[in-house]
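We name chains A, B, ... by the order of the sequence lines, and we start the count at 1 in each one.
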4 protein chains.
Amino acid sequence: MAYRQTDRVKEKLESKKKEIIRAAREVFAEQSYQGTSIKALAQKAKIATGTFYLYFSNKEALINMIVDEMFHELLDHIKKERAKFTDNYDKLQASMEACLNIFMREKTMAKILLVQVPGVNNAFNAKLIEIENELIKLTKGDLDELKSRGMLPEEDTLVCAMAFVGSFRQVIINWLREGKPENLAEACDTLMAYNLRGLGKQK
Amino acid sequence: MAYRQTDRVKEKLESKKKEIIRAAREVFAEQSYQGTSIKALAQKAKIATGTFYLYFSNKEALINMIVDEMFHELLDHIKKERAKFTDNYDKLQASMEACLNIFMREKTMAKILLVQVPGVNNAFNAKLIEIENELIKLTKGDLDELKSRGMLPEEDTLVCAMAFVGSFRQVIINWLREGKPENLAEACDTLMAYNLRGLGKQK
Amino acid sequence: MAYRQTDRVKEKLESKKKEIIRAAREVFAEQSYQGTSIKALAQKAKIATGTFYLYFSNKEALINMIVDEMFHELLDHIKKERAKFTDNYDKLQASMEACLNIFMREKTMAKILLVQVPGVNNAFNAKLIEIENELIKLTKGDLDELKSRGMLPEEDTLVCAMAFVGSFRQVIINWLREGKPENLAEACDTLMAYNLRGLGKQK
Amino acid sequence: MAYRQTDRVKEKLESKKKEIIRAAREVFAEQSYQGTSIKALAQKAKIATGTFYLYFSNKEALINMIVDEMFHELLDHIKKERAKFTDNYDKLQASMEACLNIFMREKTMAKILLVQVPGVNNAFNAKLIEIENELIKLTKGDLDELKSRGMLPEEDTLVCAMAFVGSFRQVIINWLREGKPENLAEACDTLMAYNLRGLGKQK
DNA sequence: GATGAATGAGACTTCATTCAT
DNA sequence: TATGAATGAAGTCTCATTCAT
């Protein structure tokens, strides 16, 4: 009987991969992608440098997987939260709150997505953009629907969606970088109100 | 006894430095800072690698100069445009329009400041943040004044300023990356209206 | 789960370091320190250039280690030989003979210490000087003792010690560079007699 | 009438060359040959880097010329001083005194010949050796003559000559490097007495 | 599978030398 | 002739990736 990958073996492998990713997230949140060597990474993950290559074909594959993972963590969570509501204004609010919550909970993710990684490598920069655009698309969907129901004035919904997302992004990034505003949850309310007014929501 | 540092020679040297910076801007707009070697840079500028070091002490000095330059180009222009108005709403609008105009005119600057450089090198990342924060500060100044005159509702002006700047940033960045929205000038009007409503401007 | 740092592996690493040092000694005996590139060094040691940096943090660390090593090899041997005698004249003779013997046995050491390295790098030039001065100091110690016992005329013992050491140094260096005098052991006797007369030894 | 190198032109050229050499001596006395760039050299000589190459074909030609010059300065002076005496003991003393005098007068020469240059470049290292050997040869000549007249015991005159020169060399070098012995002239007397005893001079 | 030593391409930078002015 | 900007080979060192154990 030949060697067979039992579930347990598979699981073990998978868990080691997870561990490496976990360590990598931590490191990348502190240092830039380019500034982090595989050796340093391996040390953090408590493996040998060679071992890294048993789990990832190269450095880029790792960051790709990390960003991919974050992509799903983030959007799945957002979609799940949105699904709880039917009103599009509520959906909008739920989206942003979900976003903030996940970033507050997982600061490493926030740092990687918003601070460290951008501008490093055109290849996966694309993936970051994808996340941003996906969020804009969701937002635009809401706006389009509200507009079609006459609940919003006649404005370019793409631009509005960008403004909406961009305003949140800016506040989160400043919070990450400089700790201001101190109370992110409160700022979220202010932002929400700002954007709803901006959209021209009828009271 | 030729080749004295006549004015003409000096001028030529200065223009060569400018040319290197120009080439560097172009390269950095395409590739990341870290991903660009001095050799590649030199090739773009049509000089030998060693020549680069006659004009800049090292790679970091170059990017510092570039970002510094952009910092001044951008903020000087904005301040000049703002100075033409006394009304704070007009100032806000002038700021953003100045920003957009300069980015439309100098796409490489926009790409470097907004797309390529962030997240690469903590040293001058700070300078980029400085630019962003300077703009937020200017905006906040306007909002504070408007608020003190009772022309704005009681909101956290820092958060509002971030939202304001962030919304523009997001639209510009998408335009840079994907060409959408196609008509940036028009989008600017939409954005302006959006933000003025968001601020709670009394008609 | 192989390739642990077993004793055998450790030993191998240590021997590799030794091998690099051995190769370096050989190269430095032929070419100057500055004139030897890491690449050339690596070739001689049959390793890749990068491998060098696994064993030494940089070029200077290597030469430091080499000179340090020689410092101890040389002085330890001299002191050991001196210790066999109580009479200071015997000690003097033992010192010089030990010196000659070690240089005859390890010509690369002699070439590096006496021919190649001096005058190159102020940092470890100091270490070479230290060796020379240590030897002069030992010699002076002997002379002072002899003088205090009235066995030497009233002369400046520092100058005499320098003369003593310098005369040996010159003969060894000429032997290294040009093979003259051919019979170094015999020359040693001549030198010894010369210096003892010079010191004014009472028969 | 074609352009002709008048004497005055020639003289001017020659004097510039001298000036460069003078500056180079000064620099080389402080820094090592390898550690000195042509640019630094040119600055010291108050010429442009390119100008250097109008007077010397390359860096090595300069050091060669310097050492050559020193070779003659030194040996001509020594020979001149020796010529004043007929007794070989007097000649020996005159040689060494001449040597010391010139080194005390021209410390840069001493530093270059004895401290900085050795070990740098096999090519002109040879020339330094030549100087040393020439001095040994002169000394040996004296010893041989004394020996043939029965005024010296039967010893290997080459070794004795080396001892003689080596003892002086050592004292001078220590004086240069560390300022000890403080009084070089006095040390010279001690050394002379030491060596005459060493040679076995009959009183 | 796991290890970490080994590899070598490639980055930055210096500097002897050349060359246009 | 004099200048100093320009050149590019060569040096040091890093690090992603491979490979022997």
Side-chain angles (χ1 to χ4, degrees), chain A residues 3 5 9 12-13 16 34-43 46-62, chain B residues 1-6 8-10 12-13 16-17 34-42 45-60, chain C residues 1-6 8-10 12-13 16-17 34-42 46-60, chain D residues 3 9 12-13 16 34-43 46-62:
Chain A
Y3 176 83
Q5 268 215 346
V9 169
K12 211 171 169 188
L13 283 182
K16 190 135 199 177
Q34 305 257 17
T36 305
S37 68
I38 296 292
K39 203 179 168 185
L41 203 65
Q43 261 163 11
K46 282 173 190 155
I47 55 168
T49 53
T51 308
F52 172 84
Y53 288 89
L54 295 176
Y55 294 91
F56 299 91
S57 56
N58 54 34
K59 203 180 170 185
E60 194 165 326
L62 168 68
Chain B
M1 223 183 291
Y3 216 112
R4 274 283 150 75
Q5 272 242 356
T6 59
R8 199 165 138 240
V9 170
K10 251 187 202 162
K12 217 174 173 182
L13 285 183
K16 189 141 204 172
K17 191 165 188 173
Q34 304 255 20
T36 304
S37 68
I38 297 293
K39 202 178 169 187
L41 198 66
K46 282 175 189 153
I47 55 171
T49 53
T51 307
F52 172 82
Y53 290 91
L54 294 177
Y55 292 90
F56 300 91
S57 55
N58 52 37
K59 205 180 165 184
E60 195 167 325
Chain C
M1 224 184 287
Y3 216 110
R4 274 283 149 75
Q5 273 242 353
T6 59
R8 200 166 137 239
V9 170
K10 252 187 202 163
K12 218 172 170 183
L13 285 182
K16 189 142 204 173
K17 190 165 188 172
Q34 304 256 19
T36 304
S37 69
I38 297 292
K39 203 178 168 186
L41 199 65
K46 282 174 190 151
I47 54 170
T49 53
T51 306
F52 172 82
Y53 290 92
L54 294 178
Y55 293 90
F56 300 92
S57 55
N58 53 37
K59 205 179 166 185
E60 195 165 327
Chain D
Y3 177 83
V9 169
K12 212 173 169 186
L13 283 184
K16 190 135 199 178
Q34 304 258 16
T36 305
S37 67
I38 296 292
K39 202 179 169 186
L41 202 66
Q43 261 162 10
K46 283 173 190 157
I47 55 169
T49 53
T51 308
F52 172 83
Y53 288 89
L54 296 176
Y55 295 91
F56 299 92
S57 56
N58 55 33
K59 204 181 170 184
E60 194 165 326
L62 167 69

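Atom-to-atom distance recorded for C/T51:OG1 and C/K16:NZ is 6.5 Å, nearest 0.5 angstrom. For the atom pair B/L54 CG and B/F56 CZ, the distance stands at 11.0 Å (nearest 0.5 Å).
Atom NZ of B/K12 is separated from atom P of E/dA20 by 11 Å (rounded to the nearest Å). When the C1' atom of E/dT7 is taken as reference, atom CG of C/L54 falls 9 Å away, rounded to whole Å. In this structure, C/F56 atom CZ and E/dA5 atom P are separated by 15 Å, rounded to whole Å. Between the P atom of F/dC15 and the CD atom of A/E60 lies a distance of 18 Å, rounded to the nearest Å. With rounding to whole Å, B/L41 atom CG is found 16 Å from F/dT7 atom C1'.
Along DNA chain F, the nucleotide nearest B/K46 and the nucleotide nearest A/S57 are compared for position; the residue whose nucleotide lies closer to the 5' end is B/K46. Nearest-nucleotide mapping onto DNA chain E: of B/F52 and C/F52, the residue sitting toward the 5' end is C/F52.
OP1 or OP2 of F/dA5 has not a single side-chain nitrogen or oxygen of B/Y55 nearer than 4.0 Å. Using a 4.0 Å cut-off, some side-chain N or O of D/K16 falls inside it from OP1 or OP2 of F/dA2.
At least one cation-pi condition fails for B/K59 and B/Y53: the charged atom is not both under 6.0 angstrom from the six-membered ring centre and inside a 45 degree cone around its axis.
For DNA chain E, each stem of at least three Watson-Crick or G-U pairs (distances under 3.5 Å) is given as range with range: E:2-21 with F:2-21.
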What nitrogen or oxygen pairs link the protein and nucleotides 8-12 of chain E at under 3.5 Å?
| unit_1 | atom_1 | unit_2 | atom_2 | d |
| --- | --- | --- | --- | --- |
| E/dC12 | OP1 | B/K59 | NZ | 2.9 |
| E/dC12 | OP2 | B/I38 | N | 2.8 |

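D/I47 and D/F52 get closest at one heavy-atom pair: CD1-N, 3.8 Å. Between A/T49 and A/K39, the closest heavy-atom pair is CG2-CA, 3.5 Å.
The shortest distance between side-chain heavy atoms of D/Y55 and D/L62 does not fall below 4.5 Å.
When each of E/dA6, F/dT7, E/dG1 is scored by its nearest atom to the side-chain atoms of C/L13, the top-ranked nucleotide is E/dA6.
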